[in-house]
Amino acid sequence: MADITETIRTEKSRTALSVQAGFLLAGLLFLLLAPFFFYPIFLMKLLCFALFACAFNLLLGYTGLLSFGHATFFGGAAYFTAYTVKSWALPPELGILIGVVGAAFLGLVMGFFAIRRQGIYFAMITLALSQMFFFFCLQAEFTEGEDGIQSVPRGHLFGFIDLSNSTNMYYFVLAVFLVGILIIWRFINSPFGMILKSIRENENRAISLGYSVARYKLGAFVMSAALAGLAGAMKSLVFQFATLTDVAWQMSGEVILMTLLGGIGTLVGPLFGAGLVVALQNYLATSEFPVTIITGVVFMICVLIFRRGIIGEFYASRLGRKLGFVYRR
């Protein structure tokens, strides 16, 4: 009897893995063919914000820390990359690397102060520090104030791939996006990620087991900041400018909205949430009806109907469980 039960479980597990692999391959195929059917700039914006939302979800969904200051890392990396590529004439790969390192450093500084508090106090500290960085960008000479850094050259990747070509730029952004998602997946499925989940579920229990909770929180904060910086650096090259909008508190609110709409604590949820918000902004931009009101209505509906987020509810549904998806939030 036990052998039969184990066989059934094994078959269900294999079926679930096959279904999930099918979804993964279908998504990858869609991304590879998408520039032939959709506007490449729209797709690149979607990928940048999807990576940004996944980076934020790494902190909120898997560590339980709500940050209102992630625009600092997104916009800070955008400024660092735009300035070094334009003023220092660095190749795009080095500009992106400098942006990521700069965002990680900002995350280290902000996280050092923020992790000393919990809950709403943690969120308010991140918001306050983010506003300080916003006013720094407003006053600093290298950011060019309210005008921002404009006409940023995309350059040549590795010296021979012309990124001024939209198709080349799209596949570069796609490659960076996939690498970022792979890093996040590996991070949350590592022993380090397991400890972060235990901290999210019961911080006192993690402390009693001897883990240095503050160090793990800081590590997650820096990793999330670096990946958010990677998204911001890519965005500055895609649109060829970096402005105060990238570091404003509204940007932090936008990424929170994306994550909540898709479903916190899921890897796919923030991708879906980012796609929904970016699509609304893009296709309703010429509408006479304010996009922010439509986005707000969509958010209200999702909060009332999809309490776990759209993807979170699908994972928790009977169909989602049959397909092998698990929602553990």
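- In terms of modelled atom types and a separation under 3.5 Å, the side chain of Asn189 and the main chain of Trp185 share a donor-acceptor contact.
- Panel note: side chain Thr266, backbone Gly263; a donor-acceptor pair is recorded below 3.5 Å.
- Side-chain atoms of Tyr79 do not come within 3.5 Å of backbone N or O of Ala233 as any donor-acceptor pair.
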Q.
Using side-chain contact (heavy atoms from CB on, under 4.5 Å), reason through Leu230 and Val176 one step at a time and then give a plain yes or no.
A. CA-CA 8 Å; Leu230 179 60; Val176 173; 3.7 Å; yes
Q: Quick one: do Ser224 and His70 satisfy side-chain contact (heavy atoms from CB on, under 4.5 Å)? Show the steps, please.
A: CA-CA 9 Å; Ser224 179; His70 257 54; 2.7 Å; yes
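- Expressed to the nearest 0.5 Å, how far CG of Leu33 lies from CZ of Phe38 amounts to 11.0 Å.
- Minimum interatomic distance between Leu196 and Ala220 (heavy atoms only, all atoms of both residues): CD1-CB, 3.7 Å.
- Atom CD of residue Glu254 and atom OG1 of residue Thr245 lie 10.0 Å apart, to the nearest 0.5 angstrom.
- Under the 4.5 Å side-chain criterion, counting only non-hydrogen atoms from C-beta, Leu97 is not in contact with Glu93.
- Side-chain atoms of Tyr171 come within 3.5 Å of backbone atoms of Leu32 as a donor-acceptor pair (strictly under, hydrogens ignored).
- The environment of CD in Glu146 is sparse: at most 12 heavy-atom neighbours from other residues, nucleotides or ligands sit within 6.0 Å.
- Put simply, the side chain of Leu227 reaches to within 4.5 Å of the side chain of Met223, judged on heavy atoms.
- Summarising the geometry of Pro40 relative to Pro35, their closest heavy-atom pair is CG-O, 4.5 Å, with the distance given to 0.1 Å.
- The shortest distance between side-chain heavy atoms of Cys54 and Leu271 falls below 4.5 Å.
- Judged by distance alone, with hydrogens and angles left aside, the side-chain atoms of Arg200 form a donor-acceptor pair with the main-chain N or O of Gly61 at under 3.5 Å.
- With values rounded to the nearest 0.5 angstrom, Trp249 atom CH2 is found 11.0 Å from Ser130 atom OG.
- Rounded to the nearest 0.5 angstrom, Glu203 CD and Thr63 OG1 are separated by 11.0 Å.
- Looking at heavy atoms from C-beta onward, Lys235 lies out of side-chain contact with Phe52 at the 4.5 angstrom threshold.
- In this structure, CG on Asn282 lies 9.5 Å from CG on Leu43, to the nearest 0.5 angstrom.
- Within the 4.5 Å cutoff, no side-chain heavy atoms of Leu65 are placed close to those of Leu60.
- In this structure, Ala228 and Ala55 approach most closely via the heavy-atom pair N-CB, 3.5 Å.
- If you run ring pair (Phe, Tyr, Trp, His ring centres under 6.0 Å) between Phe221 and each of Phe73, Tyr62, Phe113, only Phe73 comes through.
- The shortest distance between side-chain heavy atoms of Glu144 and Gln150 does not fall below 4.5 Å.
- Of all non-hydrogen atoms in Ile181 and Leu267, the two that sit nearest each other are CG2-CD2, 4.4 Å.
- The environment of Phe192 atom CZ is dense: over 12 non-hydrogen atoms of other residues, nucleotides or ligands sit within 6.0 angstrom.
- When the side chains of ILVMFWY residues are joined at heavy-atom separations under 4.5 Å, either directly or via intervening members, Leu178 and Val278 end up in a single hydrophobic cluster.
- The two residues Asp162 and Asn168 come nearest to each other via the heavy atoms O-ND2, 3.0 Å.
- Each of Ile125, Ile120, Thr126 was checked for a side-chain contact (heavy atoms from CB on, under 4.5 Å) with Phe122, and the lone residue meeting it is Thr126.
- Across all their heavy atoms, Arg154 and Leu237 have their closest contact at NE-O, 3.1 Å.
- Atom CE of Met194 is surrounded by more than 12 heavy atoms from other residues, nucleotides or ligands within 6.0 Å.
- Interatomic distance, CG of Asp246 versus OG1 of Thr72, reported as 11.5 Å (0.5 Å rounding).
- More than 12 heavy-atom neighbours from other residues, nucleotides or ligands sit within 6.0 angstrom of CZ on Phe239.
- Val238 places a side-chain heavy atom less than 4.5 Å from the side chain of Met44.
- Looking at Phe172 and Met234, their side chains come closer than 4.5 Å, going by heavy atoms from C-beta outward.
- Between Phe142 and Phe80, the ring-plane angle classifies as parallel under the 30° and 60° cut-offs.
- Remark: the backbone N or O of Thr81 is not paired with any side-chain donor or acceptor of Ser236 at under 3.5 angstrom.
- Because its NZ or CZ atom is not both nearer than 6.0 Å to the ring centre of Tyr211 and within 45° of the ring axis, Arg215 does not count as a cation-pi partner of that residue.
- With Ser67 contributing its side chain and Gly69 its backbone, the two residues share a donor-acceptor pair below 3.5 Å.
- Checked against the 6.0 Å centroid threshold, Phe49 and Phe56 do not count as a close aromatic pair.
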